[in-house]
Q: 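Encoded as structure tokens, here's the structure I'll be asking about.
Every chain is numbered from 1 and lettered A, B, ... according to where its sequence line falls, protein lines coming before strand lines.
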Protein chains: 2
Amino acid sequence: MRLDEKFYLSENNVPFKEFFNFGMSVDCILFGYKNGEVRVLLIERGADPFKHFWALPGDLVTADLTLEDAASNVLYRLTGLENIFMEQFHAFSEVQRHPVGRVITIGYYALVRSENHKPVASAWATESKWFNINKLPELAFDHKEILDLAIGTLKRKVRNEPIGFELLPPKFTLLELQKLYEALLGYKFDKPNFRKKLLSMNLLVPLDEVQSNVSHRPAKLFKFDPDRYKTLKEEGFHFDLQ
Amino acid sequence: MRLDEKFYLSENNVPFKEFFNFGMSVDCILFGYKNGEVRVLLIERGADPFKHFWALPGDLVTADLTLEDAASNVLYRLTGLENIFMEQFHAFSEVQRHPVGRVITIGYYALVRSENHKPVASAWATESKWFNINKLPELAFDHKEILDLAIGTLKRKVRNEPIGFELLPPKFTLLELQKLYEALLGYKFDKPNFRKKLLSMNLLVPLDEVQSNVSHRPAKLFKFDPDRYKTLKEEGFHFDLQ
DNA sequence: TTACTTATAGTATTTTTTACTTTAAGTTTT
DNA sequence: AAAACTTAAAGTAAAAAATACTATAAGTAA
């Protein structure tokens, strides 16, 4: 079946073919965490429109790719990493949102361990840089709106699913985990109670290893157990951080 | 700026214009509630592809509409109602998901008070009918996948936001509310405790009115107070039904 | 050895959840 | 009109969870 057969008509008898003129893009909000700050990786655009503006990394989607493929590609070109944690969160479709044509974009937020990679420059980005999510520059297109929604989504998700671990190194202390959550959610936890709560969830595996190069009693290291979470979830467990 | 100027190129030097060949559609999962059952409104397709199959109501998006407009239009043509509660939940982009061309669809779930409307037939639907969400027919396209995700989203959302009220008449008893949640979540609540919990949230306004035409002590009627919820939410309140 | 810092265990209080009981208020039947 | 029945709605006691705080342990640095 070919489009130009005009086989399939919409309700108002417009040829099917005429509906096929949308551009699709993906925009990625890559979050990282370092020195107690939650950060997002932005690029400086190397081409018009919005040349020299800071923007979300993203790209137009080609006909052979799913949105997930396209977003993975963007993240790979940006960081050199594959299998980054990534989740779709919203479609943005304001008619005038893109100055060059009718482009609908799908937002993905993604989480990385900041130290694991060096941001790479590319044809569409003259520079890439981490920004504290509370100190953001002016952004191209409707990217501020997209980023704001991504931050809101992250804050909600991080309370209801154990995805915060994606931002930490594989081995971490309980205090590091607490500080991460405090940075993400914007409020403090009581240390002994935070410990108790997290450990009672049985999601953390204690390792036979402690911090090194610290000038005080070194804390025990833990790792997150994704399989354990999967099992518990099937049994009805629901991750929830107050 | 016109597309054929080829002003804006992707990373691989493909003319910008060639990216603009996607079809966009919206598909709506309209949920209702009647006689203790959660239901979804499906249509029988009146045209190929998948003629005579049951399917989600949806339509291709035209260039002058946002996705929200398009979804509202679908719901209006289906029910005759405007301002139906509706929320975007996912974009579906498998390359082969539509047999006629590359169509990416955005899923919206919507909630109505079942008794408020009569489903209407239209050019793209020879019939529309409510189905119990546990007794669904075979569906066209990838609509089963879309519907499954919508049901999962509804079950999660209904616990964390007071949207269940959209499925009930404006005036309802606490037992009616309890039965709705039991149908949605698939487990039972203790009656006195359910009452206590809901009333302690201060989201329900007691009315000077009771049930009529019941063969037992009539229960007091309540209404949901959306403004109160808005205020409480800003103060940090978080709706949560275990 | 002492001072200092942070880890980690423990405890006591308050609040919330859970399970269950009792009483009230209406309708229907006899 | 009384009795039986059904559901509403309030109350209560036990268990569990969250909260606030204290004490001790284990390391580093002076």
Side-chain angles (χ1 to χ4, degrees), chain A residues 35-36 158-160 162 168-169 171-183 185-224 232 235-242, chain B residues 35-36 158-160 162 168-169 171-183 185-224 232 235-242:
Chain A
N35 303 330
V158 99
R159 288 174 49 152
N160 298 313
L168 289 178
K171 299 173 182 181
F172 51 85
T173 71
L174 289 171
L175 192 57
E176 283 166 357
L177 185 62
Q178 181 182 339
K179 293 299 174 193
L180 167 66
Y181 273 102
E182 290 178 346
L185 298 175
Y187 49 77
K188 301 285 182 188
F189 290 91
D190 176 82
K191 192 159 60 162
N193 294 334
F194 184 86
R195 288 178 65 82
K196 229 179 298 178
K197 180 152 193 173
L198 264 290
L199 290 176
S200 72
M201 287 181 183
N202 284 323
L203 292 174
L204 301 182
V205 181
L207 302 170
D208 287 335
E209 208 174 330
V210 293
Q211 283 179 309
S212 54
N213 299 322
V214 287
S215 68
H216 53 74
R217 175 179 173 184
K220 186 179 276 187
L221 292 171
F222 291 83
K223 67 171 184 180
F224 172 63
L232 287 172
E235 291 169 3
F237 168 77
H238 186 226
F239 184 87
D240 189 30
L241 237 85
Q242 79 149 331
Chain B
N35 302 331
V158 97
R159 287 174 50 153
N160 298 313
L168 289 178
K171 299 173 182 181
F172 51 85
T173 70
L174 289 173
L175 192 57
E176 282 166 358
L177 185 63
Q178 182 183 336
K179 294 297 173 193
L180 167 65
Y181 273 102
E182 290 179 347
L185 299 175
Y187 49 77
K188 301 285 183 187
F189 290 91
D190 175 82
K191 193 156 60 159
N193 294 333
F194 184 86
R195 289 178 64 81
K196 230 179 296 178
K197 181 153 194 174
L198 263 291
L199 291 177
S200 73
M201 288 181 182
N202 284 323
L203 292 173
L204 301 181
V205 181
L207 302 171
D208 287 335
E209 209 174 331
V210 292
Q211 282 180 309
S212 54
N213 300 322
V214 285
S215 69
H216 53 75
R217 176 178 172 184
K220 188 179 277 188
L221 292 171
F222 292 83
K223 66 172 185 180
F224 173 63
L232 287 172
E235 292 169 1
F237 168 79
H238 186 227
F239 183 87
D240 188 31
L241 236 85
Q242 79 150 327

Q: Got a sec, which residues hit side chain to side chain donor-acceptor pair (under 3.5 Å) with Asn202(B), two or more places apart in sequence or on another chain?
A: none
Q: For the pair Met201(A) and Leu241(A), evaluate side-chain contact (heavy atoms from CB on, under 4.5 Å) and give the outcome as yes or no after the intermediate values.
A: CA-CA 11 Å; Met201(A) 287 181 183; Leu241(A) 237 85; 4.0 Å; yes
Q: So, using ring pair (Phe, Tyr, Trp, His ring centres under 6.0 Å) as the criterion, who are the partners of Phe194(A) when residues are at least two apart?
A: Phe189(A)
Q: Tell me: CG of Leu241(B) to P of dT17(C), nearest whole Å?
A: 10 Å
Q: Mind calculating the distance between CZ (Phe194(A)) and P (dA18(D)) to the nearest angstrom?
A: 13 Å
Q: Separation of Lys188(A) atom NZ from dA20(D) atom P, in whole Å?
A: 15 Å
Q: Using the salt bridge (charged side-chain N to carboxylate O under 4.0 Å, His left out) criterion, which residues pair with Lys171(A)? Sequence neighbours excluded.
A: Glu209(A)
Q: Under the salt bridge (charged side-chain N to carboxylate O under 4.0 Å, His left out) rule, what pairs show up with a residue in residues 197-208 of chain B, not counting sequence neighbours?
A: none
Q: What is the distance, to the nearest angstrom, from the CD atom on Glu209(B) to the P atom on dG26(C)?
A: 15 Å
Q: Output one letter per nucleotide in nucleotides 6-14 of chain C: B when a protein non-hydrogen atom lies under 4.0 Å from the base, S when only the sugar-phosphate is that close, - when neither is.
A: BBBBBB---
Q: Rounding to a whole Å, what distance do you find between Lys197(A):NZ and dT16(C):P?
A: 14 Å
Q: Looking at residues at least two apart in the chain, or sitting in another chain, which of them share a salt bridge (charged side-chain N to carboxylate O under 4.0 Å, His left out) with Lys179(B)?
A: Glu182(B)
Q: Roughly how many Å is it from CG in Asp240(A) to C1' in dA18(D), rounded to a whole number?
A: 13 Å
